[in-house]
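To start, the structure under review is shown below, and the notes come after it.
So you know, we letter chains A, B, ... as the sequences are listed, proteins then strands, and number each from 1.
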Amino acid sequence: MSNTPINEYEQARLDKVTKIRELGVDPYGGRYPDTEAASAIVEKYDPENEEQVVRGAGRIVLFRDIGRLIFITLRDWTGTVQIGLSKKLLGDDWAVAKLLDLGDIVGAAGSLGKTNTGEVTIWVTDFKLLCKATVPPPEKFHGLQDVERRYRQRYVDLFSNPEVMDTFKNRSQIIQSIRSMLQDKGFMEVETPMMQSIAGGAAARPFSTHHNALDMDLFLRIAPELYLKRLLVGGMDKVFEINRNFRNEGISTRHNPEFTMCELYQAYGDYNVMMDLMEEIICELVVQRSSTMRLPFDGREIDYSGPWARRTYADLFAEHVGCEISDIARIREIARTLEIGEKQMADAVVANELFEHFVEDKLVDPTFVIDYPAELCVLTRRKVDNPEIAERFEMYIAGMEIANAYTELNDPAIQEENFRSQLKGQEETEAQMDEDFVMALKYGMPPAGGLGFGIDRLVMLMTDSPCIREVILFPMMRPVD
RNA sequence: GGAGGCGUAGCUCAGUUGGCUAGAGCAACGGCCUUUUAAGCCGUGGGUCCUGGGUUCGAGUCCCAGCGCCUUCACCA
């Protein structure tokens, strides 16, 4: 892709670069200060005063040369504005204007008026070529459609497909809103290690790497949880982190090897507090986008109006699988018909396979699934009146797991025991016990609620993007060669 | 990793049952045009049909292998 030979298009533009230089003009002009956004310029038009002088800059996305007059549609990241270049007004710069192409970046200033057909237009008196594009942009009407190239050359995707720019503006705004909501509630943002010698806090295969100077193997983190809880021990009562996790698993429309999570912990809270918080955060994001609390996603409509359903794991299991969670014999029987390799699995794991198979995709409108089998929850406090059940919820929207939260386990003895029995199940893996984490609990961690939710998936929902690659600027791709 | 689909000009796409020199629009090049709106009109050029094999008188089209992407299943959030 980088070594494609120069074709007629590139050659034609390189010839123009030479001609522009011969005119004494730098085809890669420098600063063009004091510009206004294209959308603001159009907004500013005043029919009573067509003498207003405005300055704008952007990329040429449409080019209409009608002889001694050229109309150009400039686009910046706020919108488009038309500029009109005439031989009369431009003088010496007219020769440069005649050498412009789609994709070039220019600055222009002049009075703001309207054309006969009513389009707001800058009648340019001051003109500067800021960057000559030497390869042509994609087709002006359809933009860049080739999915592979859209991801590999996201820069082209962004400037030629405004809806893609919108998605990423939305992503930024969503993260910004979450940050400010949490900060307003007294949470402090922290950063914890991405490179860990023990990849803990979740069940997933990690990426491994090596530190040369320390001659030490390291893992990219699969979760920040164990470090954030150390901060609870340290006395940071409300903390959150919005950052990348890395999981060495398959890639799909809902999975990218690196993805962004928001994890937060609140001392003296529990999973009920986390449920309220999760619902509040997402509803606020929906309010910013919808007056009806409904948003489209993947061809259907999601109803975010609260209060959201809170259903127990056992209830949903019975409803959709068709047998009680306690009926192990029946559960294994169903698992066999689905060709799930259930023989090596613990009872709760087999049941969870069925839960994922039968229940998850039924949870379209936001639903909290609460009270998980304790066996599945290594880091979670158990219910006082029923130690078989953990105080955990997962929250689903559109069949996707969006959040996972629990009342944090702060009993070091149970924690150590849970780690040990977890390790027994995966003897041949790289999993290790995080002994320092247990030590931290021994010093005393306040009871707390903890919540993690996937930012990428949330952005998918808020922007009606059915594929996670549409909300990650540079998704994982195989190299071209 | 399994299954299915896709890959044609710079871009967006057609291409029938295997049949003559592979087409269109945009874009490019030359010309005309001072109020265009995906500007218009006249003319010209532009192809490793993803790559490599094979079948055939003849392959963009059929077969095999490979590469990349998309979807789906598995793993996972």
Side-chain angles (χ1 to χ4, degrees), chain A residues 1 4-13 15-16 61-73 80 82-90 94 101-103 113-121 123 133-153 156 160-161 201-206 222-223 225 245-263 338-341 352-353 356-357 360 394-396 399-404 452-458 460 466-470 475-481:
Chain A
M1 198 167 287
T4 47
I6 292 176
N7 60 25
E8 56 166 320
Y9 299 92
E10 192 165 357
Q11 192 54 55
R13 285 166 182 252
D15 291 345
K16 288 180 182 176
V61 294
L62 296 173
F63 188 87
R64 297 178 286 278
D65 181 348
I66 52 174
R68 293 186 194 81
L69 187 61
I70 300 171
F71 289 104
I72 287 172
T73 302
T80 60
Q82 176 168 273
I83 66 175
L85 307 177
S86 75
K87 190 175 184 181
K88 215 174 191 176
L89 285 173
L90 274 192
W94 180 249
D101 286 301
L102 292 170
K114 263 191 181 173
T115 60
N116 294 346
T117 48
E119 173 134 3
V120 174
T121 300
W123 295 107
T134 54
V135 294
E139 210 242 14
K140 61 190 178 186
F141 189 61
H142 297 93
L144 182 61
Q145 294 299 316
D146 183 85
V147 174
E148 180 176 351
R149 280 194 57 201
R150 287 187 46 235
Y151 299 153
R152 289 192 192 279
Q153 296 183 283
V156 179
S160 58
N161 297 326
R205 290 173 62 196
I222 57 175
E225 171 154 357
N245 288 346
F246 307 86
R247 297 190 183 177
N248 206 339
E249 310 277 357
I251 295 174
S252 79
T253 49
R254 297 168 177 201
H255 301 82
N256 194 61
E258 50 179 317
F259 64 101
T260 304
M261 282 277 285
C262 176
E263 263 196 33
L338 295 173
E339 294 177 355
I340 293 168
N352 200 47
E353 292 283 328
E356 287 173 5
H357 187 268
E360 285 189 355
E394 289 189 356
M395 194 276 289
Y396 287 83
M400 279 195 292
E401 183 188 335
I402 302 299
N404 180 18
F453 55 97
I455 295 288
D456 311 280
R457 288 183 177 179
L458 196 50
M460 288 167 69
C467 175
I468 200 168
R469 292 177 211 97
E470 294 296 332
M476 182 68 70
M477 300 286 274
R478 282 199 164 85
V480 187
D481 297 320

*Report the residues that fulfil side-chain hydrogen bond (donor to acceptor under 3.5 Å, both in side chains) with Thr121(A), sequence neighbours left out, ordered by chain and then residue number.*
Gln82(A)
Just the table, please: protein N/O against nucleotides 41-43 of chain B N/O, every pair under 3.5 Å.
none

Protein-nucleic acid N or O pairs under 3.5 Å, nucleotides 30-34 of chain B:
from    : atom 1 : to       : atom 2 : distance (Å)
rC33(B) : N3     : Gly67(A) : N      : 3.4
rU34(B) : OP1    : Arg68(A) : NH1    : 2.5
rU34(B) : OP2    : Arg68(A) : N      : 3.3
rU34(B) : OP2    : Arg68(A) : NH1    : 3.1

*Which part of the nucleic acid, if any, lies within contact of Asp101(A), taking any heavy atom under 4.0 Å across all strands shown: a base, the sugar-phosphate backbone alone, or nothing?*
sugar-phosphate
*Would you mind building the protein contact string for nucleotides 4-11 of chain B? One character per nucleotide, 5' to 3', B for base within reach (heavy atoms under 4.0 Å), S for sugar-phosphate only, - for untouched.*
------BB
*Euclidean distance, atom CZ of residue Arg152(A) to atom P of rC50(B) [Å, nearest integer]*: 17 Å
*May I have the distance from Arg205(A) (atom CZ) to rC75(B) (atom P), rounded to whole angstrom?*
13 Å
*With a 4.0 Å cut-off on heavy atoms, is Glu263(A) in touch with a base, just the backbone sugar-phosphate, or nothing at all?*
nothing
*With a non-hydrogen cut-off below 4.0 angstrom, is Lys16(A) in contact with a base, only sugar-phosphate, or nothing?*
sugar-phosphate
_Going by side-chain contact (heavy atoms from CB on, under 4.5 Å), name the residues that satisfy it together with Thr134(A), two or more places apart in sequence or in a different chain._
Leu14(A), Val17(A), Tyr28(A)
*Report the distance from atom CD1 of Ile222(A) to atom P of rC75(B), rounded to the nearest whole Å.*
17 Å
_At 4.0 Å (heavy atoms only), tell me whether Gln82(A) reaches a base, stays on the sugar-phosphate, or touches nothing._
base
*asked:* Suppose you measure atom P in rC6(B) against the same atom in rU17(B); what distance do you get, rounded to whole Å?
replied: 15 Å
_Separation between the P atoms of rG58(B) and rG23(B), rounded to whole Å_ = 22 Å
_Touch class at under 4.0 angstrom, heavy-atom based, for Arg469(A) against every strand present_ = sugar-phosphate
_Beyond-backbone contact of Arg150(A) with Glu470(A), side-chain heavy atoms, under 4.5 angstrom_ = yes
*Sequence neighbours excluded, which residues qualify as side-chain contact (heavy atoms from CB on, under 4.5 Å) partners of Glu394(A)?*
Tyr372(A), Arg392(A), Tyr396(A), Glu401(A), Asn404(A)
*salt bridge (charged side-chain N to carboxylate O under 4.0 Å, His left out) with Glu263(A): which residues, sequence neighbours excluded?*
none
_Rounding to an integer number of angstrom, what distance separates rG43(B) and rC26(B) when you compare their P atoms?_
14 Å
*When you compare rC62(B) with rG18(B), how far apart are their C1' atoms, in angstrom units rounded to a whole number?*
8 Å
*In chain order, what residues pass the salt bridge (charged side-chain N to carboxylate O under 4.0 Å, His left out) check against Glu8(A), with sequence neighbours excluded?*
none
*Would a distance-only check, ignoring hydrogens and angles, find a side-chain to backbone donor-acceptor pair under 3.5 Å from Arg152(A) to Arg478(A)?*
yes
_Does Thr253(A) reach a base, just sugar-phosphate, or nothing at all? Heavy atoms under 4.0 Å._
sugar-phosphate
*asked:* Output the rounded distance in Å from CZ (Arg254(A)) to C1' (rC75(B)).
replied: 15 Å
*Taking CG from Leu102(A) and C1' from rU36(B), how many angstroms apart are they, rounded to a whole number?*
14 Å
*Name the nucleic acid region contacted by Gly250(A), choosing base, sugar-phosphate or nothing; use a 4.0 angstrom heavy-atom cut-off, strictly under.*
base
*Would you say the side-chain atoms of His142(A) and Glu139(A) include a donor-acceptor pair closer than 3.5 Å?*
yes
*For Asp456(A), enumerate each residue passing the salt bridge (charged side-chain N to carboxylate O under 4.0 Å, His left out) test, keeping only those at least two apart in sequence or located in another chain.*
Arg171(A)
*Can you check the Asn248(A) CG to rG1(B) C1' distance for me, whole Å?*
14 Å
*Please identify each residue that fulfils side-chain contact (heavy atoms from CB on, under 4.5 Å) with Phe63(A), with sequence neighbours left out.*
Ile60(A), Asp65(A), Ile70(A), Ile72(A), Leu100(A), Leu102(A)
*Identify, with sequence neighbours excluded, every residue that meets side-chain contact (heavy atoms from CB on, under 4.5 Å) alongside Ser252(A).*
Arg254(A), His255(A)
_Going by the rule salt bridge (charged side-chain N to carboxylate O under 4.0 Å, His left out), which residues pair with Lys16(A) if we only count those two or more places apart in sequence or in a different chain?_
Asp101(A)
